[in-house]
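First comes the structure, then the notes that go with it.
Atoms considered below: every heavy atom in the structure, side chains included; atoms not considered: hydrogens, waters and symmetry mates.
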Amino acid sequence: MARTTLDIDDTLLRELKGLAAREGRTLQSVVNERLRQRSIPAGTPRFSLALPVWNGTLRPGVDLTDRDALF
């Protein structure tokens with residue numbers, strides 16, 4: 001296992017240590033679990049939305065740049 005140094009906000013560190021103590025776990029295991037929960041493999045889309053697509057045609061005499069005429 002690789003070792004690294006992180007600067008963690010004091011409040012967050014206290015919360016993580018408290019969680020580890022309440023669950024009877026090490027700080028390392030709590031932090032590793034949280035990082036795994038939040039990490040997303042590279043190239044994996046978080047959300048996919050399929051929108052319907054259709055081809056439209058302009059009606060004669062319609063000017064799309066004239067907003068008032070469209071109404």
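- A heavy-atom distance below 4.5 Å is not found between the side chains of Arg34 and Val31.
- To the nearest 0.5 Å, atoms OG1 (Thr11) and CZ (Arg14) are separated by 4.5 Å.
- Thr26 is not listed as a side-chain neighbour of Val30, based on a closest heavy-atom distance of 4.5 Å or more.
- If you take CE on Met1 and CG on Asn32, they are separated by 5.5 Å, rounding to the nearest 0.5 Å.
- Cluster annotation: Leu6 is connected to Leu12 through the hydrophobic network of ILVMFWY side chains, with a link wherever side-chain heavy atoms come within less than 4.5 Å.
- Residue pairs meeting the side-chain hydrogen bond (donor to acceptor under 3.5 Å, both in side chains) criterion with at least one member in residues 60-71, sequence neighbours excluded, are Asp63-Thr65.
- Closest approach of Leu27 to Lys17, counting heavy atoms only: CD1-N, 4.0 Å.
- The line from CD of Glu33 to CG of Leu16 is 11.0 Å long, rounded to the nearest 0.5 Å.
- With rounding to the nearest 0.5 angstrom, the CG atom of Asp9 is 8.5 Å from the CD atom of Glu15.
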